Protein chains: 2
Amino acid sequence: MAADPGPRRPGRRAGPTTTRDAIAAAARELFSTDGYDRTSIRAIARAAGVDPALVLHFYGSKPQLFREVVELPVDLGAVVGAVLDGDRATVGRRLAQVVAGTLEDPAARGRLLALARAVTSQPEVAALVRDVIHDRVYGPLAAAVGTEDARLRAAMVSTQVVGLLMTRHVVGVEPLASLSAEDLAELLAPVLQHWLTGPLR
Amino acid sequence: MAADPGPRRPGRRAGPTTTRDAIAAAARELFSTDGYDRTSIRAIARAAGVDPALVLHFYGSKPQLFREVVELPVDLGAVVGAVLDGDRATVGRRLAQVVAGTLEDPAARGRLLALARAVTSQPEVAALVRDVIHDRVYGPLAAAVGTEDARLRAAMVSTQVVGLLMTRHVVGVEPLASLSAEDLAELLAPVLQHWLTGPLR
């Protein structure tokens, strides 16, 4: 899963990018815990132990910083590869396994939840996330599946994934919340298959 | 669609309850525009033109007030009736029409969005919303459909509705965002049918 472009684990090597990375790590942490709108450049700077001017020097503005540190918790290449590898008729099952597996990982889930929080509180973030999610995940995925209506299919896959995140992990509706990843994947498979390859009208 | 913001308690009299109602109206408005966590008892009191102590007198606490003014934008009885009226094989289509029609109504959509915002920002609201949505909408709906796994089915219907709200109306992913209510209902029908009556494993 490991979409890990950034050194966000402890014990990372110091180096020329250390300050920039420290700012990114602090921003990621604060956006995730406090939400986008309650996280200030000043607070990020404080958490990173740098001057606010340095945050702006590296990242320009809060929206730009957010866009840079928004990390989708999946490696897109790996996902598309894994999902498309094999029978088109079981593409929904493979996507379901990726989704369920991703939600199982607390770090990945945390990043998705931070996105959800930011999106609901800030229209400017919604625009960023629209681009990020659509371009970096669902667009390529649906396009790779090679159907017509790829954008609509991608959007509907998105409804299922986002709705699952909200209902299972934010609201915590049972028995969905305590379903195992395996059972969840099985549950999702036919609907994701439908959105990817089924008749839309 | 009966997204009636008005007097929904039968037999309510004007007069003694006016202040209470004014507080509820102010709270509904502020929760909706500013979000749960940024809405204070003090701000609600100011908007209603009363003393903060009176807000607490009538409603006890902010979570209790929120729970009271959370209005689901549908008349539950009417929804269940409309959805269950007729062939079980087309129950998904009827629910899809209710969902699409509800999202078409700006007032109803506003209330749902206020809920989504509150839920993502406040764990205590998530618990309230879990109860409200589950008990007042999906639970009875799924139970009335009379399947086993009613709670899980209700949760999965919820994922679709919440995901649609977020993706279509918060993030605004196209072409989903500009789909007509009719096309949306048609798109949703088979998946809602699946969650209500299809095989889950």
Side-chain angles (χ1 to χ4, degrees), chain A residues 34-35 37-38 113-123 125-134 138-139 149 151-177 179 183 186-192 194-195 198-201, chain B residues 34-35 37-38 113-123 125-134 138-139 149 151-177 179 183 186-192 194-195 198-201:
Chain A
D34 295 348
D37 54 326
R38 275 175 293 185
L113 290 173
L115 271 182
R117 265 186 226 108
V119 156
T120 51
S121 63
Q122 291 286 323
V125 174
L128 294 181
V129 169
R130 189 164 54 231
D131 296 347
V132 168
I133 295 213
H134 194 274
Y138 297 110
D149 297 316
R151 280 172 62 87
L152 183 57
R153 292 177 187 281
M156 296 316 292
V157 167
S158 170
T159 66
Q160 183 58 80
V161 175
V162 171
L164 187 67
L165 180 75
M166 296 284 290
T167 308
R168 187 168 187 244
H169 297 286
V170 177
V171 179
V173 175
E174 294 290 2
L176 178 61
L179 226 55
D183 287 349
E186 201 176 333
L187 187 66
L188 294 176
V191 164
L192 293 180
H194 172 80
W195 291 133
L200 294 190
R201 61 183 64 86
Chain B
D34 296 347
D37 52 327
R38 275 175 294 188
L113 290 173
L115 270 183
R117 263 185 228 108
V119 157
T120 51
S121 63
Q122 292 285 324
V125 174
L128 293 181
V129 169
R130 188 165 55 230
D131 295 347
V132 168
I133 295 212
H134 195 276
Y138 298 111
D149 297 316
R151 281 172 63 86
L152 183 56
R153 292 177 187 281
M156 296 316 293
V157 167
S158 170
T159 67
Q160 183 59 79
V161 175
V162 170
L164 188 67
L165 179 75
M166 296 284 292
T167 309
R168 185 167 187 244
H169 298 285
V170 177
V171 179
V173 175
E174 293 291 1
L176 178 60
L179 225 56
D183 288 349
E186 200 176 333
L187 186 65
L188 293 178
V191 164
L192 293 180
H194 172 79
W195 291 134
L200 294 189
R201 59 182 66 86

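Fair warning: this is a prediction, and the values are worked out from it, not measured in the lab. Chain identifiers are assigned alphabetically (A, B, ...) following the order of the sequence lines, protein sequences preceding nucleic acid strands; residue numbering begins at 1 within each chain.
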Checklist line | Contact check, side chains of B/M156 and A/R168, non-hydrogen atoms, under 4.5 Å | finding: no

Check: Pick from A/L176, A/V171, A/T167: which one makes a side chain to side chain contact (heavy atoms under 4.5 Å, CB included) with B/S158?
Finding: A/T167

Margin query: How long is the straight-line distance from NE2 of B/H194 back to CG of A/L187, given to the nearest 0.5 Å?
Written below: 6.5 Å

Notebook entry, point to check: Can you say whether A/P199 sits under 4.5 Å from chain B via the side chain, the backbone, both, or neither, judging by heavy atoms?
Noted result: neither

Item checked: Smallest separation among heavy atoms of A/E174 and B/R151, with atom names -> O-NH2, 3.6 Å

